[in-house]
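Notes to accompany the following structure.
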Amino acid sequence: MGAELNRIFDAVAKNSIFTNKFVLQTSYTPENIPYRDKQIEQVASILAPALRGDRPSNLFIYGQTGTGKTLSAYYIRDELMKRAKDQSLPLRIEYLNCKLKKVADTEYRILAELIKKLGGEVPSTGLPTDQVYNKFIELVEKEKKLLIIIFDEIDQAVKKISDEFLYNLTRLNSELSQSQISLIGISNDLKFLDSLDPRVRSSLGEEELVFSPYNAVQLQEILRERSTHAFKEAVLEEGVLQKCAAYAAREHGDARRALDLLRISGELAEREGGDKIQTRHVDMANEKIDRDKIIDVIEAAPKQFQLVLLGVMNIHDTKKGDRIFTGEVYEVYSELCQKYRIEVLTQRRVSDILAEMDMLGLINAKLVSHGRHGRTRDIRLSIPNKIWNRVKEIILNNL
DNA sequence: AGGTATTCACATGAAACTATTCTCTGAGTTAGG
DNA sequence: TAACTCAGAGAATAGTTTCATGTGAATACCTGT
């Protein structure tokens, strides 16, 4: 045991692979963003009026995950602010990620977060929402600036709340005399705009912009560029970059995924004590990413959610290959609840939980109609059986 | 045979409820002048 | 009298329940040939 640990420590301490792992991390902002010149130019031209002190149009940016939306937004923000500072323009840009749980997934919290960024202070709960609004307006008014707010993953927020708060925000301008607000919404759901209230849609979508996915060649180029900073000479074996790019291209051209793959491949190779990254490391990394994601989700999930999952797994064990339906899951789940002395949820709720699992990719649920025999979900487990035991362990330990 | 109408087994939606967390307020209490 | 404490009111949220309504197609039921 000790010897093994020492081997690992030695291998990692020797650090035979990375020179600067940081450039592969998602938080890293490169100086130039390849293949996004056109989009950045467009955003810049849309926002340019801000430099004259005029209110730029609201902007809606659409693009799948890992297509450089957020990165570009950061980039433009920095450039604009640089410019504004030089000419001491009254401009302020705030970025807010609506996906962050516990930070920005309700109307109240979004406002609270904005207020905090503007230097105000609000309690995390206990205040009526309209008071928070007033406070926000007051603060913005005091700033006497043009305020551009970037809402990343805005669809998440609207899904949890209603689109009312967007409406309120877009209307805020009429209540402001000293300041003006522009909104930039970023989403990876194209249908999102259509699902909005027409009033909101027309005002948020004054300008629209699409970030198309990277293709495999572009991904490769991005990886090559970064890898020169990240790794020592000649640690990449032939085909590693290609493989990372190929995997990521399969995931709708997700550059973030490509970078993660490369970084984790490196970490795995390093852990083995080798000084080269091989294509098999990429395969391992790919699996690891999937596995870790699943484990994380399950660990964070509430007890009832876990029990439902356990129910699905148990059914899968007993009747191999056959289709699993909601009714069965509910039955098995109820038994489990009684066994572990946990209160049983309604079928209604379990139905929702199953839908959530589908969203999270833990199961694959398809709606099928069996005619006379009703409609139900056709459920298939999509957790790789390699980690079944770990999953069960997690759930059972959690009682 | 061909066409309708039923019917199943859930899905999906909306509203309302519950427990918990947090702030704010004001009454009552305490300690010092 | 100023400072402190502490219970209760009010608000928001997550997770749920209750009630209501929706739905795709295999089957049952006609109908006229």
Side-chain angles (χ1 to χ4, degrees), chain A residues 96-116 120-139 153 155-166 168-169 189 191 194-197 297-312 315 319 322-338 340-360 362-380 395 398-399:
Chain A
L96 186 68
N97 191 333
C98 305
K99 200 176 63 180
L100 299 176
K101 284 238 152 92
K102 306 283 174 194
V103 177
D105 55 354
T106 70
E107 182 171 17
Y108 185 100
R109 297 222 255 256
I110 286 176
L111 282 170
E113 191 62 23
L114 285 174
I115 289 173
K116 213 164 81 190
E121 189 80 46
V122 264
S124 58
T125 174
L127 245 55
T129 309
D130 49 334
Q131 264 186 47
V132 186
Y133 256 109
N134 290 337
K135 181 138 191 181
F136 177 65
I137 292 176
E138 192 183 302
L139 264 168
E153 317 256 357
D155 48 334
Q156 300 290 322
V158 172
K159 205 162 52 187
K160 292 231 75 173
I161 330 162
S162 71
D163 48 13
E164 214 170 293
F165 94 99
L166 275 180
N168 290 338
L169 275 177
D189 180 7
K191 287 167 295 178
D194 299 329
S195 67
L196 289 178
D197 186 302
V297 166
I298 294 173
E299 269 178 339
K303 218 181 294 180
Q304 301 285 5
F305 187 100
Q306 295 183 344
L307 261 189
V308 174
L309 183 63
L310 189 61
V312 176
I315 297 174
K319 46 178 262 186
D322 249 355
R323 296 299 154 77
I324 304 173
F325 306 119
T326 306
E328 300 174 76
V329 174
Y330 187 67
E331 258 178 56
V332 175
Y333 155 81
S334 318
E335 285 167 24
L336 281 171
C337 280
Q338 296 184 351
Y340 293 106
R341 314 213 140 263
I342 292 172
E343 54 184 328
V344 190
L345 298 183
T346 23
Q347 176 154 323
R348 176 70 186 80
R349 179 60 189 140
V350 171
S351 178
D352 276 350
I353 289 178
L354 285 170
E356 283 172 42
M357 286 183 177
D358 190 26
M359 288 278 302
L360 291 169
L362 298 180
I363 61 176
N364 198 309
K366 209 170 51 186
L367 211 58
V368 290
S369 174
H370 294 159
R372 201 75 213 287
H373 308 293
R375 261 153 69 83
T376 183
R377 286 200 170 87
D378 177 345
I379 298 165
R380 217 164 320 174
I395 297 177
N398 209 343
L399 205 95

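Proteins come first, then strands; the chains are lettered A, B, ... in the order of their sequence lines, and each starts at number 1. Nothing here was measured: the structure is a model prediction, and the numbers come from that model.
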Phosphate OP1/OP2 of dA11(B) contacted by Arg375(A) side-chain N/O (<4.0 Å): no

Is there a donor and acceptor pair, one atom on the side chain of Arg348(A) and one on the base of dG13(B), closer than 3.5 Å? yes

Report the distance from atom CZ of Arg349(A) to atom C1' of dA14(B), rounded to the nearest whole Å. 15 Å

Quick check on side chain to side chain contact (heavy atoms under 4.5 Å, CB included): which of Thr326(A), Ile324(A), Leu367(A) does Thr376(A) satisfy it with? Thr326(A)

Using a strict cut-off of less than 4.0 Å between a Lys/Arg side-chain nitrogen and an Asp/Glu carboxylate oxygen, indicate whether Lys303(A) and Glu343(A) qualify as a salt bridge. no

Atom pair CG (Leu354(A)) and CZ (Arg349(A)), whose distance is rounded to the nearest 0.5 Å: 10.0 Å

Can you check whether Thr346(A) has a side-chain N or O nearer than 4.0 Å to OP1 or OP2 of dT17(C)? yes

Starting at atom CG of Asp352(A), determine the distance to atom P of dA15(B), rounded to an integer number of angstrom. 16 Å

Check the distance between dG15(C)'s P and Lys303(A)'s NZ and give it to me in whole angstrom. 13 Å

Rounded to whole angstroms, how far apart are CZ on Arg372(A) and C1' on dT4(B)? 14 Å

Calculate the interatomic distance between Glu343(A) atom CD and dT18(B) atom C1'; express it in whole Å. 11 Å

Identify which one of Ile379(A), Leu309(A), Asn364(A) satisfies the side chain to side chain contact (heavy atoms under 4.5 Å, CB included) criterion when paired with Met357(A). Leu309(A)

Euclidean distance, atom CZ of residue Arg323(A) to atom C1' of dA9(B) [Å, nearest integer]: 18 Å

Please work out if Arg377(A) contacts a base, only the sugar-phosphate, or nothing of the nucleic acid, heavy-atom cut-off 4.0 Å. sugar-phosphate

Closest approach of Val344(A) to Cys337(A) (non-hydrogen atoms, all atoms of both residues): CG2-CB, 3.8 Å

What does Val344(A) touch in the nucleic acid at a heavy-atom separation under 4.0 angstrom: a base, only the sugar-phosphate, or nothing? sugar-phosphate

How many Å lie between CD1 on Ile324(A) and C1' on dC10(B), as a whole number? 16 Å

Specify the separation, in whole Å, of atom CG of Leu354(A) and atom P of dT16(C). 13 Å

Looking at dA11(B), I'd like to know if its phosphate oxygens (OP1 or OP2) sit under 4.0 Å from a side-chain N or O belonging to Ser351(A). yes

Closest to the Ser369(A) side chain: dA25(C), dT27(C), dT16(C)? dA25(C)

